[in-house]
Amino acid sequence: MKKILLCLTFLGLASLNAEVLTLQKCINKTLQTHPDIKTFILRLHQSDAAHKSEKSAYFPQLTLHGSYDFQRTYALPRNGQFDTKDDNGWSAGVGLRQKLWDFEKSGHLVDASKTAQEIAGLSLEEARNLLRLRVKSAYLLTLLNHEAVTVYASDVKTKEALYAQAKALRRQGLKTKADELRIYAALEDSKDTLYAAKAAYAKAKITLELLIGEPISPETDFESSLLKQERFDTGAFTQTALLQHNPTLKALSKEAEQNRQRYLAAREQRYGSIDLVADLSHVDTLSSYDTKQAGLQYSAPIFAGGKLSAEAQKLKIASQISKAQQASKTRALLQELRSLKEDLKSLHYTIKAKKAQIEAAKESQKLLRARYKAGLSTYIEILDTDALYLKSRLALLQTHYRLANTIYQLQYLTGETHE
């Protein structure tokens, strides 16, 4: 007796100490370890480097140059004529070039690279939001299948008790062999459904494991309260919130701005640039001397086969395409937002209906079991009411799942990141 009590105590403590894998833990682990996030972080660093590269146009450019000729022919004036001499020679020096004015071309390119940084940051934000949604959906599906396993296991126990009762009633002559076999068949069918539910739970858990990057223990519990929430506020999910906070729409807007800035840079390229140039060199050939140069230099393309104007036109059209894509995406997201909010409203009434069905099925079960035991109802009526009760419980779970999933999708659309 003492051993049994010790075992029961140990099992009770083990169940109390079972780890609860919360949704927030799953989100944190995914954001910390998922390769997609690392990819977008690297792209953000890449855009930072590109921005620094464009800004370098504002700074002086120093170059070191040198040459050595193994043999070179030099012309020397002598008595009104030129003589030649072959000799070696070398030169070395340092050059300076500072851009003074390029008609804002560099400024537009720097602005475009800064916008590219912002786009990379928004892409990272969108990747995080999308992963949050994927984790939430996977977690909900795992939880739904976990709860479904519990429901089906309860149904199996109910069928086992009913089957035991049917066998006892047959031995008393109150039921027939057909009654017993029909309930036995229902029991086996219930077991088969339970095994299928366990397989669905295992597959859902695999998806969640791959997202968070670590295995989930069989003893792990989940936040079952997520499939019980009924209160929700649709006021937070507004069109204004979507237009202001959705990273995809903001990135498309930035993309249009970036293309406009690049177009302006391409347009100003035809005016050329004014540079400050300086050079200090030492030359050692037939004679040795130093050379110095300091001045202004202007250069501009005169004819490039239409390449410059075509490049500017291409970027102008790209900016217009980005604006059209932004408008199209906005319409699609607004349609999805409004549809999800309508779903959210209807799910509240669906939950009330499913709860009423469960209560009605419970009362029918109690009545028909008493009548069955007294021989006043058939096994078909018993199985029908059990099936209705099971279906109602599962339907309520699925409705709660749809409710939570709809809320998470609305949070994703409106850019909400808090849990």
Side-chain angles (χ1 to χ4, degrees), residues 4 8 11-12 15-16 18 140-201 221-232 346-404:
I4 295 175
L8 291 174
L11 291 173
S15 63
L16 289 174
L140 280 179
L141 187 59
T142 304
L143 179 58
L144 174 65
N145 285 292
H146 183 268
E147 296 294 319
V149 168
T150 303
V151 172
Y152 285 123
S154 174
D155 184 61
V156 168
K157 290 182 179 179
T158 300
K159 294 291 193 305
E160 287 175 341
L162 189 60
Y163 177 58
Q165 185 185 62
K167 288 195 295 183
L169 291 174
R170 185 181 69 83
R171 285 193 294 268
Q172 298 172 15
L174 298 176
K175 296 295 177 183
T176 65
K177 181 68 174 179
D179 292 335
E180 179 185 343
L181 291 176
R182 180 62 185 87
I183 293 178
Y184 174 74
L187 171 61
E188 292 301 312
D189 183 65
S190 181
K191 288 180 179 180
D192 179 60
T193 305
L194 174 61
Y195 296 142
K198 288 181 177 179
Y201 167 65
D221 288 332
F222 301 93
E223 289 184 277
S224 58
S225 59
L226 294 178
L227 288 182
K228 296 177 182 177
Q229 58 178 326
E230 297 179 13
R231 295 183 179 179
F232 49 85
S346 66
L347 286 171
H348 172 70
Y349 299 101
T350 305
I351 289 174
K352 291 177 64 176
K354 299 305 177 185
K355 284 185 173 181
Q357 289 177 0
I358 290 175
E359 290 301 317
K362 277 184 180 180
E363 293 301 318
S364 297
Q365 275 186 323
K366 292 179 183 178
L367 176 62
L368 287 173
R369 269 172 168 66
R371 291 171 60 86
Y372 179 76
K373 190 173 182 180
L376 300 176
S377 64
T378 66
Y379 64 86
I380 295 178
E381 292 174 308
I382 290 291
L383 295 178
D384 284 346
T385 190
D386 283 353
L388 178 61
Y389 179 64
L390 176 65
K391 181 180 178 181
S392 300
R393 290 183 65 188
L394 292 172
L396 180 61
L397 280 175
Q398 291 168 352
T399 305
H400 278 296
Y401 166 78
R402 288 174 55 200
L403 172 66

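Quick note: residue numbers are just sequence positions, from 1. Just the heavy atoms: all of them, side chains too, but no hydrogens, waters or symmetry mates, feed the values below.
- With sequence neighbours excluded, the residues that form a salt bridge (charged side-chain N to carboxylate O under 4.0 Å, His left out) with K355 are E230.
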For side chain to side chain contact (heavy atoms under 4.5 Å, CB included), just list the numbers for Y401 and L143, CA-CA rounded to whole Å, side-chain angles, deciding distance to a tenth of an Å, and then say yes or no. CA-CA 9 Å; Y401 166 78; L143 179 58; over 6 Å; no
Audit row: L227, L140, side chain to side chain contact (heavy atoms under 4.5 Å, CB included) steps and yes/no: CA-CA 8 Å; L227 288 182; L140 280 179; 4.2 Å; yes
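- Nearest approach of A361 to T385, heavy atoms of both residues: O-OG1, 3.8 Å.
- A salt bridge (charged side-chain N to carboxylate O under 4.0 Å, His left out) check over residues 142-166, counting only residues at least two apart or in different chains, returns the pairs D155-K159.
- The distance from atom CG of L403 to atom OG of S346, rounded to the nearest 0.5 Å, is 9.5 Å.
- The nearest pair of heavy atoms linking L194 to A153 is CD1-N, 3.6 Å.
- Separating the CD atom in E188 from the CD1 atom in I183 is a distance of 13.0 Å, to the nearest 0.5 Å.
- Put simply, the side chain of S190 never gets that close to the backbone of A186: no donor and acceptor are under 3.5 Å apart.
- For the pair D189 (side chain) and A185 (backbone), a donor-acceptor distance under 3.5 Å is absent.
- Once rounded to the nearest 0.5 Å, the distance linking CD of Q365 with NZ of K362 reads 9.0 Å.
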Intermediate values then yes/no, side chain to side chain contact (heavy atoms under 4.5 Å, CB included), R393 and S154: CA-CA 11 Å; R393 290 183 65 188; S154 174; 3.8 Å; yes
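- Atom-to-atom distance recorded for D192:CG and L187:CG is 11.5 Å, nearest 0.5 angstrom.
- Taking 4.0 Å as the cut-off between side-chain N and carboxylate O, E180 and R170 count as a salt-bridged pair.
- In terms of the side-chain contact (heavy atoms from CB on, under 4.5 Å) criterion, residue partners of R402 (sequence neighbours excluded) are, by chain and number, L347.
- The ring pair (Phe, Tyr, Trp, His ring centres under 6.0 Å) test applied to F222 returns Y139, H146, not counting sequence neighbours.
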Go through the steps to decide whether Y152 and L390 satisfy the test side chain to side chain contact (heavy atoms under 4.5 Å, CB included), and finish with yes or no. CA-CA 8 Å; Y152 285 123; L390 176 65; 4.0 Å; yes
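- Applying the side-chain hydrogen bond (donor to acceptor under 3.5 Å, both in side chains) criterion to Q398, with sequence neighbours excluded, gives no partner residue.
- Partners of Y163 according to the ring pair (Phe, Tyr, Trp, His ring centres under 6.0 Å) rule, which considers only residues two or more places apart in sequence or in another chain, are Y184.
- The minimum heavy-atom distance between Y201 and V149, with the atom names listed, is CB-CG2, 4.1 Å.
- Of all heavy-atom pairs spanning L396 and K354, the tightest one is CD1-CB, 3.9 Å.
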